[in-house]
There are 2 protein chains.
Amino acid sequence: MSDATLWTALADPHRRAIVALLLERPRPVGEIVEACGLSQPSTSKHLRVLRDAGLVRVRQDAQRRVYALDPAPIAALDTWLTPYRKLWNESLDALGRRLDRTAGEPSDPPEDPTPKD
Amino acid sequence: MSDATLWTALADPHRRAIVALLLERPRPVGEIVEACGLSQPSTSKHLRVLRDAGLVRVRQDAQRRVYALDPAPIAALDTWLTPYRKLWNESLDALGRRLDRTAGEPSDPPEDPTPKD
DNA sequence: TGGTTATATTCTCGTCAAGGCATATGTGCC
DNA sequence: GGCACATATGCCTTGACGAGAATATAACCA
């Protein structure tokens, strides 16, 4: 429910992997267990966390429980992201302008925006 | 600076608060300490995590250290989000179409959006 | 009804992160 | 050099989280 739940749910790599699996298509628990290589109880617990965060829904199909992604909370994440995205675009913009300006000039490179891994 | 670092950095509410503070403007540590009500060492440790995740940069200003947001990793988050956002838009779309269709019509039998395997 | 399959929950243990306190490092000032 | 200020780091305790094993629950089948 709370924001915290969403973030902590997605903080775990296994859970992000599960979410990515469910992005392709809904899957029963057994398939998820097999795909992510965890024990069944562990997987079930991770699914519980995701469920509590509202990230997945369950549909019962005989003895199986088919989990599907619910993109709504992810939209909340997107909303959270918005102001930062704006800042990011601005800085890209500024970088572009600077590159433009210094296209033929010798210096002004004190900032290296080394992005990620 | 793996993906994991970024997620775990943002998983903590205090750190998200700090990031939000820095979204407004760069700030020295003292100001952050005061704003988020944590002890100075705790704040400093959170800042370290954010720094390791590449989310903030430091500029030294005499004895002060002014922290500023670096939006680049957040852009990575945005990239991660993309396929989910797509899914979200699709489901909004489908909902819209359904509402359109059933706006005045009698029915359009059980179209349950839960797909199956 | 009993058995089998699929999934969830409980318990326990090890690990890890957060916060507080004390202290180290670094910078400016006299 | 010595002192004051701003910030970082180390140590320690506590609490949360993840993994595994055993067990409980639920649905199907004979």
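Residue numbers begin at 1 in each chain, while the letters A, B, ... track the order of the sequences. Side chains are part of it too, since the values below use all heavy atoms of this structure and drop only hydrogens, waters and symmetry mates.
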Give the rounded distance in Å between these two atoms: [atom1] of [X] and [atom2] of [N].
X      : N       : atom1 : atom2 : result
E34(A) : dA6(C)  : CD    : C1'   : 14 Å
D61(B) : dG28(C) : CG    : C1'   : 12 Å
I18(B) : dA18(C) : CD1   : C1'   : 12 Å
R16(A) : dG18(D) : CZ    : P     : 12 Å
D12(A) : dA16(D) : CG    : C1'   : 13 Å
L50(B) : dA17(C) : CG    : P     : 14 Å
D52(B) : dA8(D)  : CG    : P     : 12 Å

**Message:** Please compare L38(A) and A62(A) by the position of their nearest nucleotide in DNA chain D and report the one closer to 5'.
**Reply:**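 The residue whose closest nucleotide sits nearer the 5' end is L38(A).
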**Message:** Between R27(B) and E34(B), does any side-chain N to carboxylate O distance fall below 4.0 Å?
**Reply:**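 A salt bridge is absent here (no side-chain N lies under 4.0 Å from a carboxylate O).
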**Request:** Considering only NZ, NE, NH1 and NH2 on the basic side and carboxylate oxygens on the acidic side, decide whether E31(B) and R64(B) come within less than 4.0 Å.
**Result:**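 Judged by the 4.0 Å cut-off on N to carboxylate O distance, E31(B) and R64(B) do not form a salt bridge.
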**Request:** Might you work through the side chain to side chain donor-acceptor pair (under 3.5 Å) test for T79(A) and T82(A), ending with a clear yes or no?
**Result:** CA-CA 5 Å; T79(A) 302; T82(A) 301; 5.4 Å; no
Could you pull out the protein-nucleic contacts involving nucleotides 7-10 of chain C (nitrogen or oxygen on both sides, under 3.5 Å)?
{"residue": "dT7(C)", "atom": "OP1", "partner": "V29(A)", "partner atom": "N", "Å": "3.3"}
{"residue": "dT7(C)", "atom": "OP1", "partner": "R65(A)", "partner atom": "N", "Å": "3.4"}
{"residue": "dT7(C)", "atom": "OP2", "partner": "G30(A)", "partner atom": "N", "Å": "3.0"}
{"residue": "dA8(C)", "atom": "OP1", "partner": "Y67(A)", "partner atom": "OH", "Å": "2.5"}
{"residue": "dA8(C)", "atom": "OP2", "partner": "S44(A)", "partner atom": "OG", "Å": "2.5"}
{"residue": "dA8(C)", "atom": "O5'", "partner": "S44(A)", "partner atom": "OG", "Å": "3.3"}
{"residue": "dA8(C)", "atom": "N7", "partner": "Q40(A)", "partner atom": "NE2", "Å": "2.7"}
{"residue": "dA8(C)", "atom": "N6", "partner": "Q40(A)", "partner atom": "OE1", "Å": "3.2"}
{"residue": "dT9(C)", "atom": "OP2", "partner": "R48(A)", "partner atom": "NE", "Å": "3.4"}

**Request:** Could you tell me whether the side chain of D78(A) reaches within less than 4.5 Å of the side chain of R85(A), counting heavy atoms only?
**Result:**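 Touching, per the 4.5 Å side-chain cut-off.
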**Request:** Write down the atom of A9(B), the atom of R15(B), and the distance for their closest heavy-atom approach.
**Result:** O-NE, 2.7 Å
**Request:** Tell me whether the OP1 or OP2 atom of dG20(D) has a side-chain N or O from S39(A) closer than 4.0 Å.
**Result:**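 It does, given that an N or O in the side chain of S39(A) lies less than 4.0 Å from OP1 or OP2 of dG20(D).
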**Prompt:** Do any side-chain nitrogens or oxygens of H46(B) fall under 4.0 Å of OP1 or OP2 in dG19(C)?
**Reply:**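 Answer yes for this pair, as a side-chain N or O of H46(B) is under 4.0 Å from OP1 or OP2.
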**Message:** Quick check for you: to the nearest 0.5 Å, what is the distance between I18(B) atom CD1 and L47(B) atom CG?
**Reply:** 4.5 Å
